[in-house]
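To start, the structure itself, in structure tokens.
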Amino acid sequence: MLRSQTCGDARPIHDGKSVTLCGWVDRYRDIGQIYFLTLRDRYGVTQCVYELGTGNDQIMADLRTLRFETCVQISGTVRLRREKDINHEQATGAVELVITSVNILNQAPQELPFQVRDDQNVASDIRLKYRYLDLRRAKMQRNLKVRHDIIQIVRDVFNSLGFLEIETPLLIRSTPEGSRDFVVPSRVHPGTFYALPQSPQLYKQMLMISGCDRYFQFAQAFRDEDLRADRVPVHTQIDMEMTFVEEQDVFSVVESYLNPVFKKLKGVEIPQTFPIVSYAEVMEKYGIDKPDRRFGLELVTVTGWAKSIDFPVFQEAESVRALCIDKGSEFSRKEIDELTELAKKYGAKGLAWAKWNGSEFSGGISKFLNSNQAIKEIFNLTNDSVLFFVADKYEKACAALAQIRLYAGRKFELIDRSKYDFLWVNKFPLFEWNEERGAYDAMHHLFTHPLAEDMKWLDSEPGKVRGQLYDLVLNGVELISGSIRINRPELQRKILNIVKMPEEEAESKFGFLMRAFEYGAPPHGGCAMGLDRLTAIMCDEDSIREVIAFPCNNTGIFPLDGSPAPLDQKQLDELKLKHLPLSND
């Protein structure tokens, strides 16, 4: 071994001990007769010191050649620092290493693309291009350690509950799962393609049919979709599936591994079981299926009342929803105009509003409200309130007001950021209508079992059917999506018929699954947790890119290696592919 201990190990009990450290030059200070060097590795930092005249002065010459981020081996003797020199913010701050030898393992260049410091503001693409430097930062090392610890805790819980860790294929047949597939051309079978899995969905169902009973894996999921802070082309799922279960059984397993994760890594006691609320209820209260409940401001449906107002927009609307916010005077007209644009961005035709000062309404649609007495009974108006209304289809009104609610929560600092609010949302609609296709789509995926009490609507009114679908939401972030699955071929065929999938396509893509159902497929269900999202929350990061070792940028490019990149002509010829001109984007 090149080192006897790490840079985070030295303590007062090592006083007088000879040790050898390896790491990177984090800081240095040359004050003439004395040279101070801070050596860093992922475990911590140790201050090293050399004084002229105390040994081989070639050591001082070598030290003075060192640059930031040079990889170096330092040997020396541990000694206690004087009381006034102790750094109480560092674990090794009570000691220092008196240098007896220096071995430069690899000198860094004179100019670095950025300083390896947590407090440096560096452009994202530069950080990603030099990710090997970026990951040396203490914060990034902590994030990777938290990710590792989550995986180990979860794996231990699954093992204790009798789950088998099984890998599923990374080269599969392309199947519709809501996003575009990444495809891989086959050299052996020209003109045919594999797909990278968007999820292990079909294969984990195969494992349940195979009698594996309880499965899990930390699965890579590939989705060719537009990117944002919580979405990248490849992410990691904590994937699980079980046979002979109902949704509550799935909930219990998830709760059993999240409790020790938060206890061990955050020192936080979370509820042993999480509340369960239906999709219809969260949409009515919050307008969104992943609500942040750490503050109030619930939405209200006022369609019946609104029809009595002499305001054509209300009278003609399918649904009118409203949100009452205190401190109405703090909303400027410019800000309300910006909120109107936000509402339109989420599908609403517009945003109606009025302010209440304790005796009358002003602004916006106030002339339609001042003569109405019922409004005071509907809303708990204060002396300084503002009402926002969206008159549109129910779903669009929900989506628009949900964003205004979140905006107000941030604006007035209503969110209790010390709280971890978990919520199971269940009983989602099984289908959603696709205007463009003139047909139903599966709301989540095609393999979800309908609720037993809604089976009667499958043939006549599929839009009424709810599925045994569930999401786990934490502080407004969807962590988990899952369902109880279909296990009978005739029901699976019926679902494919409802979404108007041609019989030939259904057989081509899912024939193997329906044949497997014919061989005594058991009832089964499961879910997938977003490991990246969970880790980001545990690390107090806004973007999952901060907890992934080598992520892409927000355009899907990996600055570190320059991918995606064109293939050379030989590779194209082997794959029987034609060369396409590069995009100018």
Salt bridge check: are [X] and [Y] linked by an N-O gap of less than 4.0 Å?
X: K145; Y: D149; value: yes
X: D532; Y: R147; value: yes
X: R67; Y: E111; value: no
X: K263; Y: E269; value: yes
X: D239; Y: K204; value: yes
X: E69; Y: R40; value: yes
X: K327; Y: E413; value: no
X: D26; Y: R136; value: no
X: E241; Y: R485; value: yes
X: K290; Y: D471; value: no
X: D292; Y: R294; value: yes
X: D540; Y: K266; value: yes

Step through it carefully: locate the ring centre of [X], locate the ring centre of [Y], and say whether they are under 6.0 Å apart.
X: F216; Y: F158; answer: yes
X: Y470; Y: F251; answer: yes
X: Y28; Y: F68; answer: yes
X: Y420; Y: F262; answer: yes
X: F428; Y: Y279; answer: yes

Do the side chains of [Y] and [X] get nearer than 4.5 Å, heavy atoms only?
X: F558; Y: N553; result: no
X: I544; Y: R533; result: yes
X: C7; Y: T46; result: yes
X: Y43; Y: D9; result: no
X: F163; Y: M240; result: yes
X: S483; Y: H444; result: no
X: F412; Y: I325; result: yes
X: V473; Y: L479; result: no

So does [Y] get a backbone contact from the side chain of [X], meaning a donor-acceptor N/O pair under 3.5 Å?
X: T6; Y: G8; answer: yes
X: S75; Y: T20; answer: no
X: E541; Y: V547; answer: no
X: T535; Y: L531; answer: yes
X: R79; Y: D15; answer: no
X: R405; Y: L297; answer: yes
X: N475; Y: K419; answer: yes
X: H14; Y: R11; answer: yes
X: T243; Y: H524; answer: no
X: E298; Y: Y286; answer: no

Take D156 and Q152 through the side-chain hydrogen bond (donor to acceptor under 3.5 Å, both in side chains) test and state the conclusion after the steps. CA-CA 6 Å; D156 288 345; Q152 301 312 312; over 6 Å; no
Verdict with reasoning, D118 to R142, per salt bridge (charged side-chain N to carboxylate O under 4.0 Å, His left out): CA-CA 11 Å; D118 282 341; R142 285 194 297 270; 3.7 Å; yes
Which heavy atom of [X] sits nearest a heavy atom of [Y], and at what distance?
X: I74; Y: C48; result: CG2-SG, 4.2 Å
X: L196; Y: L170; result: CD2-O, 3.3 Å
X: A108; Y: T70; result: N-OG1, 3.0 Å
X: C527; Y: I480; result: CB-CG2, 3.6 Å
X: T168; Y: P200; result: OG1-CB, 3.5 Å

Tell me whether the count of non-hydrogen atoms from other residues, nucleotides or ligands lying under 6.0 Å of [atom1] in [X] goes above 12.
X: R82; atom1: CZ; result: no
X: K345; atom1: NZ; result: no
X: Q115; atom1: CD; result: yes
X: K139; atom1: NZ; result: yes

No-hydrogen, no-angle side-chain donor-acceptor test under 3.5 Å, [X] and [Y]:
X: Q468; Y: T448; result: no
X: Q205; Y: Y215; result: no
X: Q47; Y: E96; result: yes

Report the residue from Q248, E255, E247 that forms a side chain to side chain donor-acceptor pair (under 3.5 Å) with W424. E255
For the pair F447 and H445, name the ring-plane relationship: parallel under 30°, tilted 30 to 60°, perpendicular over 60°. tilted
One pair to check against salt bridge (charged side-chain N to carboxylate O under 4.0 Å, His left out): K411 and E335. What are the steps and the verdict? CA-CA 11 Å; K411 175 181 175 68; E335 194 170 15; 3.0 Å; yes
From CA spacing to verdict: side chain to side chain contact (heavy atoms under 4.5 Å, CB included), V282, I288: CA-CA 7 Å; V282 296; I288 194 169; over 6 Å; no
